[in-house]
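Scroll down for the structure; my scribbles are underneath it.
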Amino acid sequence: MKRYSAFAIAREALTNHLGWGRAWQAATPKASYDVIIVGAGGHGLATAYYLGKNHGITNVAILEKGWLGGGNTGRNTTIIRSNYLQDPSAAIYEKSRSLYETLSQDFNYNVMFSPRGVMMLAQTHHEVRGYQRTAHANALQNVSTEFITPARVKELCPILNIDGPRYPVLGALWQARGGTGRHDAVAWGYARACSAMGMDILQQCEVTGVRSEGGHVTGVETSKGPIACKKMGIVVAGHSGQVADMAGFRLPVEAVALQALVSEPIKPCMDVVVMANTVHGYMSQSDKGEMVIGGGTDGYNNYTQRGSFHHIEETVRALIETFPMISRLKMLRQWGGIVDITGDRSPIISKTPLENCYVNCGWGTGGFKAIPGSGWATAQMVARGEPGPLAEEFSMYRFREGKFIDESVAAGVAH
Ligand code: FAD
Ligand code: PYC
């Protein structure tokens, strides 16, 4: 793998940039692999990466029906935070946030992690109590957050109107080391590192069936032919129900569209991320100057993977009271992704009814931030055959046993 450095840029500048090479190799399927990961989103790629890096398993194929990172990983608004309420969540999200801090160095590839600070506005007394509770829980979990006053909110984000008539800002849950990252670069960085370890990333390779014998997966049917495997990981977000169905079991997840939009680029006016969960809107400014805006999920299950007009209207209307300046902005584009939501708004990292088949899903509206930690934990489960400490509470069977990990407040846009 070519190392990226200032020296490499200078050398390539002198040789017409002919020496860069591909970031990852185009592969053709082998007949068999030790591990097949279905889904080349961030979670699938990170799982493969940590299988190689932490467990020395590199005879791995990552199968993607479209292009890598083209699902939710390439469609999200890139907010990274770990201000969750319950202990198992705080552990995995904080592991993830801390891995983000050094991911660029780990990859030798810039994922543009920007710990600019994330605030979740409290705009009702109910939210004040909820976020104060989270700040106290985070203190016990070694997650650094604080509940801040409206004056401090205004100081951190001067374009905010804190005196709105319907929803004045009463305070905020502030995580100074939360922020954003570059979503495509996260997928590309993992892909490049997986390819360098000799793994095959098979794009345009849709899994259409799962072969099993005596409760064991033996391989998959794909649009490029059958491929055998010793172990299989299903990491397909909004399509988890479909692939689980091919494997013969059901998952407690619903698929629903989540949408976002960006404005025309403007001069820098906001250097923090603001989430306003009561009105269902959140905003940050991208490096290009666009205001990145998102709202709540669609109110009905669907697989549309596109934006809709009513969503723009609702989201922008909701945000204008708190950010009056956006009423004068032109919007450039909108899009949607199919997110996989569980009943307690927490993910599933789990064994399944098939002995050597594992599932990672249910990240819903909030899984970009979790990519490194989730990949770390899922790789450990696939390698050892049992979930480790970061994953063990996230079994799919918790719904049957009533052991919910309720994150409906922390999930914000998914309540
Ligand atoms: P994906 O990236 O969707 O990857 C799954 C892959 O599986 C896809 O590429 C798909 O093509 C592939 N696949 C599906 N079926 C098959 C098959 N049969 N065969 C082969 N491949 C298959 N999270 C945050 O933390 N912060 C945010 O700010 C944030 N904002 C969001 C905003 C929007 C608009 C959306 C849609 C999501 C947002 N999220 C956010 C959530 C986050 O994007 C997801 O939780 C995360 O990207 C999920 O990653 P993944 O790898 O599990 O799924
Ligand atoms: O989980 O922080 C989040 C988030 C923000 C927007 C969508 N999800």
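All values reported here derive from a predicted model rather than from experimental measurement. Ligands are counted one by one from 1 in listed order, and the atoms in each one are counted from 1 as well.
Between the side chains of N161 and E321, no donor-acceptor pair is found at a separation under 3.5 Å. Side chain to side chain, H126 and T124 fail the donor-acceptor criterion of an N or O pair below 3.5 Å. If you check the side chains of S114 and R116, you find a donor sitting under 3.5 Å from an acceptor. Using modelled atom types, one finds a donor on one side chain and an acceptor on the other under 3.5 Å when comparing Y190 with Y50. In this model, no donor atom of one side chain and acceptor atom of the other lie less than 3.5 Å apart for Q123 and T278. Q86 and D406 form no side-chain donor-acceptor contact under 3.5 Å, judged by distance and modelled atom types alone. Looking at K230 and N59, their side chains never bring a donor and an acceptor atom within 3.5 Å of each other.
Among all protein heavy atoms, the one lying closest to atom 9 (O) of ligand 1 is E64 OE1, 2.7 Å. Nearest non-hydrogen protein atom to atom 1 (P) of ligand 1 is N72 N, 3.5 Å. For atom 20 (C) of ligand 1, the closest heavy atom belonging to the protein is K65 N, 3.3 Å. Residue, atom and distance of the protein heavy atom nearest to atom 19 (N) of ligand 1 are V207 N, 3.0 Å. The nearest protein atom to atom 39 (N) of ligand 1, hydrogens excluded, is given as T365 O, 3.1 Å; this is a heavy-atom distance. Atom 15 (N) of ligand 1 has as its closest protein heavy atom H239 CB, 3.6 Å. Summary of contacts: the protein heavy atom closest to atom 2 (O) of ligand 1 is T73 OG1, 2.6 Å. The shortest contact between atom 31 (C) of ligand 1 and any protein heavy atom is with N76 CB, 3.2 Å.
E254 contributes no side-chain N or O that, together with a main-chain N or O of N301, makes up a donor-acceptor pair within less than 3.5 Å. Looking at S96, its side chain does come within 3.5 Å of a backbone N or O of G373 through a donor-acceptor pair.
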Please assess Y131 against F147 for the test ring-ring contact (aromatic ring centres under 6.0 Å, His included), listing each intermediate value before the final yes or no. CA-CA 7 Å; Y131 289 146; F147 189 80; 7.3 Å; no
Under the salt bridge (charged side-chain N to carboxylate O under 4.0 Å, His left out) rule, what do R152 and E155 come out as? Steps first, then yes or no, please. CA-CA 5 Å; R152 177 86 176 117; E155 195 186 337; 3.6 Å; yes
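Atoms of ligand 1 found under 4.0 Å from any heavy atom of V38 (numbered from 1 in listed order, with element): 19 (N), 20 (C). Atoms of ligand 1 lying under 4.0 Å from at least one heavy atom of V235, given by number and element, are 5 (C). Those atoms of ligand 1 that come under 4.0 Å of a heavy atom in L63, given as number and element, are 20 (C), 21 (N). Taking every heavy atom of K369 and a limit of under 4.0 angstrom, the matching atoms of ligand 1 come to 24 (C), 25 (O). The G367 neighbourhood of ligand 1 comprises atoms 23 (N), 24 (C), 25 (O), 41 (C), 42 (C), 44 (C), 45 (O), 46 (C), with distances under 4.0 Å to a heavy atom of that residue. Taking every heavy atom of E206 and a limit of under 4.0 angstrom, the matching atoms of ligand 1 come to 18 (N), 19 (N). The ligand atoms of ligand 1 that sit less than 4.0 angstrom from a heavy atom of Q259 are 34 (C).
Exactly one of I348, T378, I405 qualifies for a side chain to side chain contact (heavy atoms under 4.5 Å, CB included) with F394. That residue is I405. Each of I201, I37, V220 was scored for a side chain to side chain contact (heavy atoms under 4.5 Å, CB included) with L63, with one residue passing: V220.
If you look at V243 next to ligand 1, the close heavy atoms, those under 4.0 Å, all belong to the side chain. Neither the backbone nor the side chain of Q242 has any atom closer than 4.0 Å to an atom of ligand 1 (non-hydrogen atoms only). Contact annotation for N360 and ligand 1: no heavy atom of the residue comes within less than 4.0 Å of the ligand. Residue contacts with ligand 1, taken as heavy atom pairs separated by less than 4.0 Å, involve Y282 solely via side-chain atoms from C-beta onward. Under 4.0 angstrom from ligand 1, the non-hydrogen atoms of C205 all belong to its backbone. The parts of I79 lying near ligand 1 are both backbone and side chain, judged by heavy-atom distances below 4.0 Å. Looking at H43 against ligand 1, both its backbone and its side chain come within 4.0 Å, counting heavy atoms.
Dense packing is recorded around CH2 of W20, with more than 12 heavy atoms of other residues, nucleotides or ligands lying under 6.0 Å away.
With rounding to the nearest 0.5 Å, the separation of CE in M283 from CG in L160 is 7.5 Å. To the nearest 0.5 angstrom, S263 atom OG is 6.5 Å from L332 atom CG.
At least one heavy atom of G366 sits less than 4.0 Å from an atom of ligand 1. For G364, the closest heavy-atom approach to ligand 1 falls below 4.0 Å.
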Exercise answer, ligand 2 polar atom pairs (N/O) under 3.5 angstrom:
unit_1   : atom_1 : unit_2 : atom_2 : d
ligand 2 : 1 (O)  : R81    : NH2    : 3.0
ligand 2 : 1 (O)  : K369   : NZ     : 2.5
ligand 2 : 2 (O)  : R81    : NE     : 2.7
ligand 2 : 2 (O)  : R81    : NH2    : 3.1
ligand 2 : 8 (N)  : T365   : O      : 2.6

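Using a 4.0 Å cut-off between charged nitrogen and carboxylate oxygen, K53 and D106 count as a salt-bridge pair. Ionic pairing of R398 and E393 is not present here: no N-O contact between side-chain nitrogen and carboxylate oxygen is shorter than 4.0 angstrom.
For ligand 1, none of its N or O atoms has an N or O atom of A40 under 3.5 Å away. By the 3.5 Å distance cut-off applied to N or O atoms, F368 is counted among the residues near ligand 1.
Ranked by closest heavy atom to atom 53 (O) of ligand 1, the top entry among G209, A237, A411, G41 is A237.
Listed by chain and residue number, nothing satisfies the side-chain hydrogen bond (donor to acceptor under 3.5 Å, both in side chains) test with Q285 (two or more places apart in sequence, or in another chain).
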